[in-house]
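Have a look at the structure below, then the notes.
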Amino acid sequence: MLQRRLQHDRTGCGLACVAMLAGIGYAQARTLARALAIGPRPYRYRAGGGLRTAREGWLTDARQLRRMLAVLRIRSGGERAVRDWRECDGDGLVAINPRADGTWHWVVYLHDPVSPRVLDPNPRVRRDPRRDFGRMRPARFVPVEIAEAAL
């Protein structure tokens with residue numbers, strides 16, 4: 001059974017999604033990312049009052065996540081733009097809720113014609129799995145082959 005993993009870093013959603021798909025811990029995914037020189041890297045974000053603060057983060061793109069999955073021997077397809085959940089025609093990684101600063105949030109989408117669901121690594125999300133598709137705006141989809149035993 002695929003289990004939800006929580007992100008331990010503010011920008012670690014991609015790492016947590018890789019951990020979910022591979023059945024490993026978040027710390028192991030973070031170690032792998034470091035070994036592949038994926039991060040952390042500096043970024044700026046808006047703090048309270050409109051102040052910009054510099055931090056190091058695990059901002060990941062689809063190419064980096066696919067590289068991590070390949071090392072873990074998990075097959076993934078090419079990234080593509082989507083506008084609606086119906087365009088996500090299989091299991092995979094989905095970038096949701098894109099922001100004006102060019103960032104987004106990664107989740108794991110489990111495709112089921114009867115009851116599709118999302119595993120969200122954000123610790124503030126209390127429902128597991130998520131089915132509130134109206135609140136999540138998909139932007140990018142990366143198909144992933146998930147072993148039947150993991151579902």
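No experiment lies behind these values; they were computed from the predicted model shown.
- Contact detail for A22 and I74: the closest heavy-atom pair is CA-CD1, 3.6 Å.
- The side chain to side chain contact (heavy atoms under 4.5 Å, CB included) search around R86 returns D84, not counting sequence neighbours.
- Of all the heavy atoms in C13 and Q7, the pair that sits closest is CB-OE1, 3.2 Å.
- Cluster partners of V114: none. The rule joins Ile, Leu, Val, Met, Phe, Trp and Tyr whenever side-chain heavy atoms lie under 4.5 Å apart, and it links nothing here.
- Counting only residues at least two apart or on different chains, no salt bridge (Lys or Arg N to Asp or Glu O under 4.0 Å) pair has a member in residues 17-29.
- Residues passing the salt bridge (Lys or Arg N to Asp or Glu O under 4.0 Å) test with R124: none are found, sequence neighbours excluded.
- Residues passing the side-chain hydrogen bond (donor to acceptor under 3.5 Å, both in side chains) test with R137, sequence neighbours excluded: none.
- Counting only residues at least two apart or in different chains, salt bridge (Lys or Arg N to Asp or Glu O under 4.0 Å) contacts with residues 21-34 comprise D9-R30.
- The shortest non-hydrogen separation linking T60 to W104 is O-CZ2, 3.6 Å.
- When all heavy atoms of Y109 and F141 are compared, the closest pair comes out as CD2-CE1, 4.4 Å.
- Side chain of Q64 to main chain of R67: no donor-acceptor pair is present (N/O by atom type, distance under 3.5 Å, no hydrogens or angles).
- Listed by chain and number, the residues in a side chain to side chain contact (heavy atoms under 4.5 Å, CB included) with L119 are L2, M20, V108, L110, D128, P129 (sequence neighbours excluded).
- Residues meeting the side-chain hydrogen bond (donor to acceptor under 3.5 Å, both in side chains) test with H8, sequence neighbours left out: none.
- When the side chains of ILVMFWY residues are joined at heavy-atom separations under 4.5 Å, either directly or via intervening members, L69 and Y26 end up in a single hydrophobic cluster.
- L6 and L21 are assigned to two separate hydrophobic clusters, defined by single-linkage of ILVMFWY side chains at heavy-atom distances under 4.5 Å.
- Counting all heavy atoms, side chain and backbone alike, R140 lies closest to A81 at NH1-CB, 3.0 Å.
- Every salt bridge (Lys or Arg N to Asp or Glu O under 4.0 Å) that R135 has, sequence neighbours left out, goes to D132.
- Every residue two or more places apart in sequence or in another chain that forms a side-chain hydrogen bond (donor to acceptor under 3.5 Å, both in side chains) with R80 is listed here: D89.
- D91 places no side-chain N or O within donor-acceptor distance of the main-chain N or O of V144, the cut-off being under 3.5 Å.
- To the nearest 0.5 angstrom, L36 atom CG is 11.0 Å from T31 atom OG1.
- Residues meeting the side-chain hydrogen bond (donor to acceptor under 3.5 Å, both in side chains) test with T103, sequence neighbours left out: R99, D101.
- For the pair V94/V118, no side-chain contact is recorded, criterion being any heavy-atom separation below 4.5 Å from C-beta on.
- To the nearest 0.5 Å, the span separating CD1 on I96 from CZ on R130 amounts to 5.5 Å.
- Residues A139 and P98 approach most closely at CB-CG, 3.8 Å, considering heavy atoms.
- A donor-acceptor contact shorter than 3.5 Å links the side chain of R4 to the backbone of D120.
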Worked verdict on M68 versus L15 for side-chain contact (heavy atoms from CB on, under 4.5 Å):
CA-CA 9 Å; M68 290 178 69; L15 302 184; 3.9 Å; yes
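- The line from CD1 of I146 to CZ of R75 is 14.5 Å long, rounded to the nearest 0.5 Å.
- Counted within 6.0 Å of CZ on R131, heavy atoms from surrounding residues, nucleotides or ligands total more than 12; the atom is thus considered enclosed.
- Partners of A62 by side chain to side chain contact (heavy atoms under 4.5 Å, CB included), not counting sequence neighbours, listed by chain and number: E79, W106, V142.
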